[in-house]
Peer 1: 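Structure provided below as C-alpha cells; questions to follow.
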There are 2 protein chains.
Amino acid sequence: MKEIEQRLTENGVRPTAMRILIYKYMAESEVAIALTDIENAFAKADRTTLFRTLKTFEQKGVVHQIDDGTGVQKYALCETGCNCELEQDLHLHFHCNNCNETVCLTEHKIPNINLPEGYVAEDANLVLKGICEKCSAQ
Amino acid sequence: MKEIEQRLTENGVRPTAMRILIYKYMAESEVAIALTDIENAFAKADRTTLFRTLKTFEQKGVVHQIDDGTGVQKYALCETGCNCELEQDLHLHFHCNNCNETVCLTEHKIPNINLPEGYVAEDANLVLKGICEKCSAQ
DNA sequence: AATTGTAGTGCAACGGAAGTGCATTTATTG
DNA sequence: CAATAAATGCACTTCCGTTGCACTACAATT
Ligand SMILES: [Mn+2]
Ligand SMILES: [Mn+2]
Ligand SMILES: [Zn+2]
Ligand SMILES: [Zn+2]
C-alpha cells in the first residue's frame, strides 16, 4: 500500500484512493488492461475518472499504452525505472487469439530495423499474435 | 483497366464498376488508405458499399489491413503473388508523425522473434513511427 | 425474351469506445 | 478558517466500424 503511494508520488501523481485502487488492480493483473476492464472492476466509480486516471498514469510514466490491434486501448504498468520514451526500451507484446488477452514480454526488446534513406524512427510497436502460454498448455 | 478486372476476377471478386474505381484509386495511392479517404474520393457512393468493398478485397487477398496505431483501419493493395497469411510474408509499416501518412515497406520483412516457451506466433504487426522520407526532405 | 436467383448497392440505424465541458466535491495551503 | 487547486462525476459528443433490410443490377436458366 505504502509502496504504491510512494510510486505514484515519485512520478508526480497524487495518490488518491481511486488511483491507488486502480494501480493495485493493474499490479495484480498479469495481462494488459482496457478501460472497460477497470470499469467492470470498479462499477461505482465514473468512467471519466477511470479514463482520466489512465491518461494521467500514462502521461506520468506510470503505465504505458498498448495497441494490440484489437481496436481497444490497453494499458500495463511500467517496470520500475523503465523509460518507455526511449526507443531501446520498447518491448514487444503478445496478443492471444484464443483467450484474447495481451501480455507484455518485457524481456523481448524490439530489434533494430534498418529503414530506407530518409526515414527516421522515433517509436515502434511490435505485436505478435497467436496462442499464449496458458492456452497452448491446455 | 483490363488488368484490374483480371486481377479482381483472379481473386474471386466480381469486377463491378465501383470496385474497379476503388482498386484504381488505391493503386494510384502511394500510402495506405482509410475508409474515410475513399469516402471523400467517391462522395456519391454510399459508405456501406465502400466499407464492404474493402472487406471483400481483404477477404479475397486483394488488399491487406494495416493497423498503424492511429485507431483508424487502413488498407493497401497486396503485392501480386503476396501471401499475407504466411508469417514470412509480413512486411513492416511506417507511420509518419508529421504528415500522418502510413506506408508499406514491402521490402522490409518482420524479423523472426524468439518467443518464450509455450507461445506460438501466427501473425505479427510491426509499425515504426517517426518522420517519413518526404517530410524529412523538407 | 421472360423468369428466377444471386450478388451488389443504398439507406438508416446501432454500438462501442474515446474524448470534452462544466458543475461539484475533495484536498491542499496560506 | 478562507482561498485555491486538483480530482471526480454527469451529460453529452464524436468518430468509426458494423449490421439489417429493402432495392437494384446482373447472370443464369428455362
Ligand atoms: Mn508492455
Ligand atoms: Mn502493407
Ligand atoms: Zn491465451
Ligand atoms: Zn510524413
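These numbers come from a predicted model, not from an experiment. Within every chain, numbering begins at 1; the chains are lettered A, B, ... in the order of the sequence lines, protein sequences first and strands thereafter.
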Peer 1: Where the side chain of F51(B) is defined as all heavy atoms beyond and including C-beta, which of dT28(C), dC11(C), dG17(D) is the nearest nucleotide?
Peer 2: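 Output: dG17(D).
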Peer 1: M18(A) side chain: which of dT9(C), dT8(D), dT18(D) is closest?
Peer 2: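 Nucleotide nearest to M18(A)'s side chain: dT8(D).
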Peer 1: In plain terms, say whether R47(B) and E39(B) are close enough for a salt bridge, that is, a side-chain N and a carboxylate O under 4.0 Å apart.
Peer 2: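 Salt bridge present between R47(B) and E39(B).
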Peer 1: Are the aromatic ring centres of F57(B) and Y75(B) under 6.0 angstrom apart?
Peer 2: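 No, too far apart.
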Peer 1: Is there a side-chain polar atom (N or O) of R14(A) under 4.0 Å from OP1 or OP2 of dA27(C)?
Peer 2: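 No, because none of the side-chain N or O atoms of R14(A) sits under 4.0 Å from OP1 or OP2 of dA27(C).
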Peer 1: Report which part of the nucleic acid T36(A) touches: base, sugar-phosphate, or nothing (heavy-atom distance under 4.0 Å, all strands).
Peer 2: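 If one applies the 4.0 Å heavy-atom cut-off, T36(A) turns out to touch the sugar-phosphate alone, with no base involved.
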Peer 1: Looking at the side chain of Q73(A), which of dT8(D), dG19(C), dA17(C) is the nearest nucleotide?
Peer 2: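 Of the options given, the side chain of Q73(A) lies nearest dG19(C).
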Peer 1: Pick from I66(A), D67(A), V72(A): which one makes a side chain to side chain contact (heavy atoms under 4.5 Å, CB included) with T102(A)?
Peer 2: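 Single side chain to side chain contact (heavy atoms under 4.5 Å, CB included) partner of T102(A) among I66(A), D67(A), V72(A): I66(A).
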Peer 1: Is any side-chain nitrogen or oxygen of T16(A) closer than 4.0 Å to OP1 or OP2 of dT8(D)?
Peer 2: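 Yes, because at least one side-chain N or O of T16(A) sits under 4.0 Å from OP1 or OP2 of dT8(D).
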Peer 1: Using a 4.0 Å heavy-atom cut-off across all strands, classify R52(B) as base, sugar-phosphate, or nothing.
Peer 2: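 Contact class for R52(B): base.
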Peer 1: For DNA chain D, whose closest nucleotide is more 5', that of T48(B) or that of L50(A)?
Peer 2: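 Looking at DNA chain D, the more 5' nearest nucleotide goes with L50(A).
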Peer 1: Using a cut-off of less than 4.0 Å, is there contact between a side-chain N or O of R47(B) and OP1 or OP2 of dC16(D)?
Peer 2: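 Checking dC16(D) against R47(B), no side-chain N or O comes under 4.0 Å of OP1 or OP2.
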Peer 1: Given dG10(C), is OP1 or OP2 found less than 4.0 Å from the side-chain N or O atoms of T49(B)?
Peer 2: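 So the side chain of T49(B) is within the cut-off, an N or O lying under 4.0 Å from OP1 or OP2 of dG10(C).
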Peer 1: Can we call the ring centroids of H108(B) and H93(B) under 6.0 Å apart?
Peer 2: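 No, the ring of H108(B) stays outside the 6.0 Å limit from the ring of H93(B), centre to centre.
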